[in-house]
*Asks:* 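This structure is in structure tokens; I'll ask about it shortly.
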2 protein chains.
Amino acid sequence: MVTVTAGLSAGSETSPDPTDELISDVFARDCLSRATLEDVAGKWGILALLALGEGELRFNALRRRVQGVSEKMLSQTLQTLERDGMLSRDVITTIPPRVQYSLTPLGERVAQQLRGLAELLEGSVDEVGAARAAYDARALTG
Amino acid sequence: MVTVTAGLSAGSETSPDPTDELISDVFARDCLSRATLEDVAGKWGILALLALGEGELRFNALRRRVQGVSEKMLSQTLQTLERDGMLSRDVITTIPPRVQYSLTPLGERVAQQLRGLAELLEGSVDEVGAARAAYDARALTG
DNA sequence: CAGCATCCTGCTCGATACTG
DNA sequence: CAGTATCGAGCAGGATGCTG
């Protein structure tokens, strides 16, 4: 795996694997793909993207959908995701003001991946619950 | 969407949608699926699962693969994922001691989803980079 | 309604040192 | 090698109040 992180070839670059077409690597500390992964997969990022995957929403509707998120964190999360090109923010200057959030094509693709993950986990609650119970029982008995 | 979080039916449960077979919901604050989502999608959780998706690894090998993770955080992350039934920890009592980490079937399924996400993002670095540049330029010019 | 600014808490995380 | 224990800094994140 090539781990060049800024698109620049290192002085001693030797093309280790010609079949490898990716120049970005989520395992590399300073790679943009890893930073994006953290934005997208963060606690609130996932839920915001999943919610918008169901259709565009206004700020407070989003806030109600993503239970437990504070105004501050939702605002912050949305700004980060907008900066990463995952969603677009459309201001309708009326009184009262309205702001519609919707996914970009890139955001849609990411949301689709996240949906798969969320559905898998929602369908595995029993399995996870059993695993936790077994683990905790083990911890008690040694 | 039914948002029962513990498999218990609320007193006023009215079966809002008969076609909905899921009883867990990642959007619900206290649902186990959401907790699991946070464990799995956390900063280090994703990378640990992705690394193990390439094959079983020992502690320090995992630590080298997941660049930037501290000993403490890796240990903590692995414990959480083991508790959730995503991976298994096999101790080989030799001197020096060896511990092999490998994915469970559930972990494999989760890792597969994460791989799709990671590959998508690795392939979108240019798009994300451009989006960030545009966003930052906007912020400067007002 | 859709936010930003401010303050403040506490939990996350990294560094360091020690154990089997 | 594979961790655990402890400590301290810093950032995540909640509460509150204000603006357009």
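Throughout, protein chains are lettered first and strands after them, A, B, ... in sequence-line order, and every chain is numbered starting at 1. No experiment lies behind these values; they were computed from the predicted model shown.
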*Asks:* Under a 4.5 Å cut-off applied to non-hydrogen side-chain atoms, are B:Asp90 and B:Ser88 in contact?
*Replies:* yes

*Asks:* Could you check how far CG of B:Leu57 sits from P of D:dG3, rounded to whole Å?
*Replies:* 13 Å

*Asks:* Take atom CG of A:Asp90 and atom P of C:dA2, then tell me their distance rounded to the nearest Å.
*Replies:*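 Going from CG in A:Asp90 over to P in C:dA2 covers 13 Å.
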
*Asks:* Do B:Tyr101 and B:Leu81 have side chains that get closer than 4.5 Å, going by heavy atoms?
*Replies:* no

*Asks:* So does A:Arg115 pair up with A:Glu119, basic N to acidic O under 4.0 Å?
*Replies:*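 Judged by the 4.0 Å cut-off on N to carboxylate O distance, A:Arg115 and A:Glu119 do not form a salt bridge.
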
*Asks:* Is the shortest heavy-atom distance from the side chain of B:Leu114 to the side chain of A:Gln113 under 4.5 Å?
*Replies:* no

*Asks:* Between C:dG3 and A:Tyr101, is there an OP1 or OP2 to side-chain N/O distance shorter than 4.0 Å?
*Replies:* yes

*Asks:* Tell me: CD of B:Gln79 to P of D:dG3, nearest whole Å?
*Replies:* 9 Å

*Asks:* Round to the nearest Å and state the distance from B:Phe59 atom CZ to D:dT4 atom C1'.
*Replies:* 11 Å

*Asks:* Which of the following nucleotides, C:dG20, C:dG3, D:dG3, is nearest to the side chain of B:Val99?
*Replies:*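 Of the candidates, D:dG3 comes closest.
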
*Asks:* Quickly work out the A:Arg64 CZ to C:dA2 P distance and round it to whole Å.
*Replies:*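 A:Arg64 atom CZ is separated from C:dA2 atom P by 8 Å.
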
*Asks:* Does B:Arg58 make a side-chain N or O approach to OP1 or OP2 of D:dC1 shorter than 4.0 Å?
*Replies:*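 For D:dC1, neither OP1 nor OP2 has a side-chain N or O of B:Arg58 closer than 4.0 Å.
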
*Asks:* Would you check if B:Arg83 and A:Asp136 make a side-chain contact, meaning some heavy-atom pair closer than 4.5 Å?
*Replies:* yes

*Asks:* Within the structure, does a side-chain N or O atom of B:Arg89 lie under 4.0 Å from either OP1 or OP2 of D:dG3?
*Replies:* yes

*Asks:* How does each nucleotide of nucleotides 14-19 of chain C score, in 5' to 3' order, for protein heavy atoms under 4.0 Å: base (B), sugar-phosphate only (S), or none (-)?
*Replies:* BB-B--

*Asks:* If I take atom CG in residue B:Leu47 and atom C1' in nucleotide C:dC13, what distance separates them, rounded to the nearest angstrom?
*Replies:* 15 Å

*Asks:* Provide, to the nearest angstrom, the distance between the CD atom belonging to B:Gln76 and the C1' atom belonging to D:dG3.
*Replies:* 13 Å

*Asks:* Output yes when at least one side-chain N/O atom of A:Gln100 is less than 4.0 Å from OP1 or OP2 of C:dA2, else no.
*Replies:* no

*Asks:* For B:Arg63 and D:dG3, give me the distance from atom CZ to atom C1', rounded to whole Å.
*Replies:* 11 Å

*Asks:* Can you tell whether the side chains of B:Arg138 and A:Glu82 come within less than 4.0 Å, N to carboxylate O?
*Replies:*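 No, B:Arg138 and A:Glu82 are not salt-bridged.
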
*Asks:* Can you find a side chain N or O atom of A:Ser75 that sits less than 4.0 Å from OP1 or OP2 on C:dC4?
*Replies:*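 The answer is yes; a side-chain N or O of A:Ser75 sits under 4.0 Å from OP1 or OP2.
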
*Asks:* Do the side chains of A:Met73 and A:Lys43 get nearer than 4.5 Å, heavy atoms only?
*Replies:* no

